[in-house]
Amino acid sequence: MSQEIIDIVQNYLTPNIPITLVSQGAEAVVFTTHVHPYLPQDSNKTGETKYIIKYRPHKKYRHPVIDQQLTKKRTLGESRLLAKLYQIDGLKVPKLIACDQYNGCIWLEFLGSQLPDNNGFSNLKHFLWWNKADPYNNVVKESLLKVGQQIGILHWNDYVHGDLTSSNIVMVQDKLGVNVWNPHLIDFGLGGVSNMVEDKGVDLYVLERAIISTHSAFSDQYVEWIMQGFSQVYEQHGATGEKKLKELLKRFHEVRMRGRKRTMIG
C-alpha cells in the first residue's frame with residue numbers, strides 16, 4: 001500500500017475523521033472509520049458503529065481529464081446501483097450512506113465481524129474455513145442455501161455482480177440466533193444491470209471457481225447447495241421462472257465448459 005494514497009485520503013477527510021486501512025484492490029482502497037459523514041461525532045460515543053470508506057485513487061498512467069471522468073462515472077454508477085439494490089425485497093447489500101463522485105469516495109454501512117479463534121473476517125471464504133472441522137454441518141448448509149438465494153434474487157431482478165467471489169460475500173450473524181448467519185453481497189464496482197444469461201452464468205462460474213480454489217475438498221457439495229438455493233428463487237415464479245432457470249443453467253454449464261477448456265489448453 002502506498003503511503004501516498006493513505007495521506008491523500010487522510011488529507012481529504014481531515015484529521016477529524018480517523019481511518020484504518022482494510023484492503024487494497026485494483027480499483028479501490030477500503031478503509032473503516034467510526035465517524036459518520038453527516039452526524040456529529042458524539043452520536044457514536046461508544047465507538048461501536050463502524051463505516052466503510054471506499055476510495056478510488058487516481059491512476060497516474062491515465063490522462064488526468066480521462067481519469068477524473070472515469071472516477072466520477074464509476075463512483076456514481078456503483079452508488080446508484082447500490083441504492084437500487086438496497087430497495088429490492090429480500091436482497092441484502094450494504095446501505096449507501098454518502099457519495100462524493102468528484103473525489104471517488106463512497107461511504108457505506110459496515111457489515112460482518114471477526115470470527116472466533118482468530119479465524120479472520122466473516123466473509124464466506126473465512127466462514128467456510130472456520131467450519132472445516134465439520135464442513136457439512138447444518139449451519140454451513142443453511143448458510144450456502146441462503147448464499148444461493150441472494151444470488152438468485154439479484155439475477156432474477158436482472159442485475160449482476162461482476163466479481164462474485166467468496167471474499168465479496170459477507171456473513172452476518174443473526175442477532176436472534178447464535179448459529180444463524182445471513183449472507184450479504186458486497187463490492188459492486190463491476191456490477192450492473194443485465195438480463196443476459198451469459199453475464200449471469202459468468203457470475204455463477206466465478207463463484208464456483210473461487211470455492212474450488214479455496215475449498216477444493218468440499219467444493220462439489222458447497223456448489224450444489226448454492227445452486228439449490230439459487231434455483232429455489234426462480235422456481236417460486238412458476239413456469240416463467242422455471243423456463244428462465246433452465247436457460248440460465250444451460251448457459252452456466254456452457255461457461256463452465258469453456259473455462260475448463262481454457263484451463264486444459266493453457
Side-chain angles (χ1 to χ4, degrees), residues 1 5-6 8-10 12-14 16-41 43-44 46-58 70-115 120-127 147 150-151 153-154 157 159-175 181-193:
M1 163 60 64
I5 295 178
I6 297 176
I8 290 173
V9 176
Q10 189 63 81
Y12 157 69
L13 294 172
T14 76
N16 295 324
I17 304 178
I19 55 176
T20 301
L21 176 65
V22 176
S23 64
Q24 178 183 17
E27 179 71 13
V29 185
V30 177
F31 302 89
T32 59
T33 183
H34 291 283
V35 180
H36 193 282
Y38 303 128
L39 299 178
Q41 292 195 30
S43 65
N44 187 23
T46 62
E48 293 180 356
T49 305
K50 288 199 294 185
Y51 309 97
I52 288 288
I53 298 176
K54 182 175 181 180
Y55 171 74
R56 284 178 165 84
H58 298 298
L70 286 174
T71 298
K72 177 182 176 183
K73 179 181 178 181
R74 291 173 180 174
T75 303
L76 190 58
E78 182 177 359
S79 299
R80 286 174 172 169
L81 178 61
L82 273 172
K84 292 176 182 178
L85 295 177
Y86 193 77
Q87 298 179 52
I88 295 176
D89 187 34
L91 187 62
K92 299 182 183 299
V93 298
K95 182 180 181 180
L96 176 67
I97 297 173
C99 169
D100 180 357
Q101 66 267 32
Y102 299 104
N103 289 290
C105 199
I106 300 175
W107 296 64
L108 302 165
E109 171 189 18
F110 180 88
L111 297 170
S113 59
Q114 291 296 316
L115 294 169
F121 181 69
S122 62
N123 58 34
L124 180 60
K125 178 171 67 174
H126 294 155
F127 177 80
V147 168
Q150 285 298 299
I151 302 169
I153 295 172
L154 180 74
N157 285 277
Y159 291 96
V160 292
H161 187 280
D163 188 22
L164 193 58
T165 67
S166 53
S167 296
N168 286 334
I169 300 173
V170 172
M171 307 303 294
V172 179
Q173 191 169 21
D174 196 302
K175 295 180 180 180
W181 295 80
N182 297 312
H184 292 61
L185 307 181
I186 67 168
D187 195 357
F188 282 86
L190 298 176
V193 178

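Here Lys175 contributes atom NZ and Gln173 contributes atom CD; the two are 11.5 Å apart, rounded to the nearest 0.5 Å. Put simply, CD on Glu27 and OH on Tyr55 are 12.0 Å apart, with the number rounded to the nearest 0.5 Å. Taken to the nearest 0.5 Å, the NE2 atom of His184 stands 9.5 Å off from the CE atom of Met171.
Taking 4.5 Å as the limit, some side-chain heavy atom of Ile106 sits within range of a side-chain heavy atom of Arg56. Annotation: side chain of Tyr159 is in contact with side chain of Leu81 (closest heavy-atom distance under 4.5 Å). A 4.5 Å side-chain heavy-atom check between Leu108 and Leu82 finds at least one atom pair inside the cut-off. Looking at heavy atoms from C-beta onward, His161 lies out of side-chain contact with Leu190 at the 4.5 angstrom threshold. Taking the side chain as every heavy atom from C-beta outward, Thr20 and Thr33 never approach each other to under 4.5 Å. Using a 4.5 Å cut-off on side-chain heavy atoms (C-beta onward), Trp181 and Ser122 make contact. Side chains of Val29 and Pro57 form a contact here, defined as non-hydrogen atoms less than 4.5 Å apart.
No more than 12 heavy atoms of other residues, nucleotides or ligands lie within 6.0 Å of OH in Tyr102, so this atom counts as exposed by the packing criterion. No more than 12 heavy atoms of other residues, nucleotides or ligands lie within 6.0 Å of NE2 in His58, so this atom counts as exposed by the packing criterion.
Taking each heavy atom of Trp107 and Pro37 in turn, the nearest pair found is CE3-CD, 3.4 Å. Scanning both residues, Glu78 and Phe188, for their nearest heavy atoms gives OE2-N, 3.6 Å. When every heavy atom of Val172 is checked against every heavy atom of Gly112, the shortest pair comes out as CG2-N, 3.8 Å. Heavy-atom minimum distance, Glu109 versus Val93: OE1-O, 4.2 Å. Nearest heavy-atom pair across Thr71 and Gly104 is CG2-CA, 3.5 Å. The nearest pair of heavy atoms linking Ala28 to Lys54 is CB-CE, 3.7 Å.
Under the 3.5 Å distance criterion, the side-chain polar atoms of His126 are matched with a main-chain donor or acceptor of Phe121. The backbone N or O of Lys92 sits less than 3.5 Å from a side-chain atom of Gln150, completing a donor-acceptor pair. Asn157 places a side-chain N or O within donor-acceptor distance of the main-chain N or O of Ile153, the cut-off being under 3.5 Å. Between the side chain of Asp187 and the backbone N or O of Asp163, no donor-acceptor pair lies under 3.5 Å.
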| said: Quick one, Leu185 with Ile169, criterion side-chain contact (heavy atoms from CB on, under 4.5 Å). Give me CA distance, side-chain angles, the key distance, then yes/no. | reply: CA-CA 5 Å; Leu185 307 181; Ile169 300 173; 3.9 Å; yes
| message | Working note: Leu13 + Ile53, criterion side-chain contact (heavy atoms from CB on, under 4.5 Å); need CA distance, chi angles, decisive distance, verdict. | response | CA-CA 10 Å; Leu13 294 172; Ile53 298 176; 3.8 Å; yes
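Between His34 and Tyr51, the gap from one ring centroid to the other reaches at least 6.0 Å.
Evaluated for a side chain to side chain contact (heavy atoms under 4.5 Å, CB included) with Pro94, the options Leu111, Leu85, Ile52 yield exactly one hit, Leu111.
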